[in-house]
Engineer: 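So that we are looking at the same thing, I have put the structure below in structure tokens.
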Amino acid sequence: MEKKESFTCPYCDKKLPFRVILKVKNDHAFACPRCGGAVVPQKTKSFTWGYVIGFLSFVVPEQIVFYLHEDFVMAFLVGFVHALTAFGLVSLYLYYNTKFSKAISFFI
């Protein structure tokens with residue numbers, strides 16, 4: 001059995017661009033930007049988790065820094081850096097662990 005590479009189109013067997021990560025949802029078909037084939041992710045965590053983790057990683061450090069230093073700008077910057085880091089790590093995780101299959105039906 002051949003190993004299927006993550007984040008590749010099952011039609012053209014080419015890597016999908018990283019920006020497609022925002023379209024990935026369970027049972028959500030979308031067109032491959034390279035060949036136009038309809039693909040759907042197999043058993044993936046929804047990117048919604050990236051938003052939730054990003055939000056929490058912004059709010060919690062921001063509130064802690066604001067409570068300790070009472071400086072809104074510094075608290076905002078600390079929260080923003082934590083949120084970007086968490087959002088990026090979740091995106092990379094999804095990119096390296098999501099596999100696609102051919103969609104049964106696709107409506108544009």
Side-chain angles (χ1 to χ4, degrees):
M1 188 169 175
E2 102 183 39
K3 184 182 176 196
K4 193 170 186 182
E5 193 173 338
S6 64
F7 231 75
T8 57
C9 175
Y11 291 102
C12 61
D13 288 327
K14 293 183 181 175
K15 281 285 224 189
L16 295 171
F18 188 75
R19 70 178 183 274
V20 175
I21 198 81
L22 296 174
K23 294 181 181 179
V24 175
K25 291 183 187 174
N26 280 336
D27 301 326
H28 177 74
F30 60 92
C32 171
R34 299 190 192 279
C35 68
V39 296
V40 65
Q42 302 172 353
K43 299 181 196 173
T44 184
K45 301 288 186 214
S46 177
F47 196 73
T48 306
W49 285 106
Y51 294 117
V52 171
I53 292 170
F55 176 75
L56 290 176
S57 65
F58 172 78
V59 170
V60 172
E62 187 265 340
Q63 287 296 317
I64 291 170
V65 171
F66 186 71
Y67 176 76
L68 294 175
H69 299 285
E70 295 182 3
D71 184 4
F72 180 75
V73 175
M74 185 173 80
F76 179 81
L77 290 175
V78 167
F80 187 71
V81 168
H82 278 88
L84 281 180
T85 303
F87 193 76
L89 291 175
V90 169
S91 299
L92 284 174
Y93 173 78
L94 289 177
Y95 185 77
Y96 287 118
N97 293 307
T98 303
K99 294 178 179 25
F100 294 98
S101 61
K102 296 177 181 179
I104 295 172
S105 64
F106 181 66
F107 299 102
I108 297 178

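For the single chain, residues carry numbers from 1 onward in sequence order.
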Engineer: Does Phe58 belong to the same Ile/Leu/Val/Met/Phe/Trp/Tyr cluster as Val65, with side-chain heavy atoms less than 4.5 Å apart forming each link?
Structural biologist: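 No, separate clusters.
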Engineer: Starting from Leu68 and following side-chain heavy-atom contacts under 4.5 Å between hydrophobic residues (I, L, V, M, F, W, Y), which residues can be reached?
Structural biologist: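 Its cluster partners, ordered by chain and number, are Val60, Ile64, Tyr67.
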Engineer: What residue pairs, at least two apart or across chains, pass salt bridge (Lys or Arg N to Asp or Glu O under 4.0 Å) with a residue in residues 58-71?
Structural biologist: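 Listed by first then second residue: nothing to list.
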Engineer: Hey, could you give me each pair passing salt bridge (Lys or Arg N to Asp or Glu O under 4.0 Å) that has a residue in residues 11-21? Not counting sequence neighbours.
Structural biologist: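 Output for this query lists Glu5-Lys15.
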Engineer: Hey, does the side chain of Ser57 reach the backbone of Gly54 with a donor-acceptor pair shorter than 3.5 angstrom?
Structural biologist: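 At least one qualifying donor-acceptor pair exists.
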Engineer: Where is the tightest heavy-atom contact between Val20 and Phe30, given as atom of each residue plus distance?
Structural biologist: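 Scanning both residues, the minimum pair turns out to be CG1-CE1, 3.3 Å.
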Engineer: List in chain and number order the residues that pass side chain to side chain contact (heavy atoms under 4.5 Å, CB included) with Tyr11, two or more places apart in sequence or in another chain; answer none if no residue qualifies.
Structural biologist: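 Partners of Tyr11 under the side chain to side chain contact (heavy atoms under 4.5 Å, CB included) test: Cys9, Cys35, Val39, Lys102.
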Engineer: So do Pro17 and Arg34 actually touch side chain to side chain, heavy atoms under 4.5 Å?
Structural biologist: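 In contact.
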Engineer: Counting only heavy atoms not in Phe18 (residues, nucleotides, ligands), do more than 12 fall under 6.0 Å from its CZ?
Structural biologist: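 It does: Phe18 CZ has more than 12 such atoms within range.
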Engineer: Residues in side chain to side chain contact (heavy atoms under 4.5 Å, CB included) with Leu56, at least two apart?
Structural biologist: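 By the side chain to side chain contact (heavy atoms under 4.5 Å, CB included) rule, Leu56 matches Val52.
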Engineer: For the atom pair CG (Leu92) and CG (Asn97), what is the distance rounded to the nearest 0.5 Å?
Structural biologist: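 Rounded to the nearest 0.5 Å, the CG-CG separation comes to 10.5 Å.
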Engineer: Roughly how far, to the nearest 0.5 Å, is the OH atom of Tyr93 from the CD1 atom of Ile53?
Structural biologist: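 Ile53 atom CD1 to Tyr93 atom OH measures 10.0 Å (nearest 0.5 Å).
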Engineer: Measure up the Phe7 and Phe100 rings against each other and bin them: parallel (under 30°), tilted (30 to 60°), perpendicular (over 60°).
Structural biologist: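 Perpendicular.
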Engineer: Identify each donor-acceptor pair in which a side-chain atom of residues 73-80 lies under 3.5 Å from a protein atom, sequence neighbours left out, and give them as a table.
Structural biologist:
none

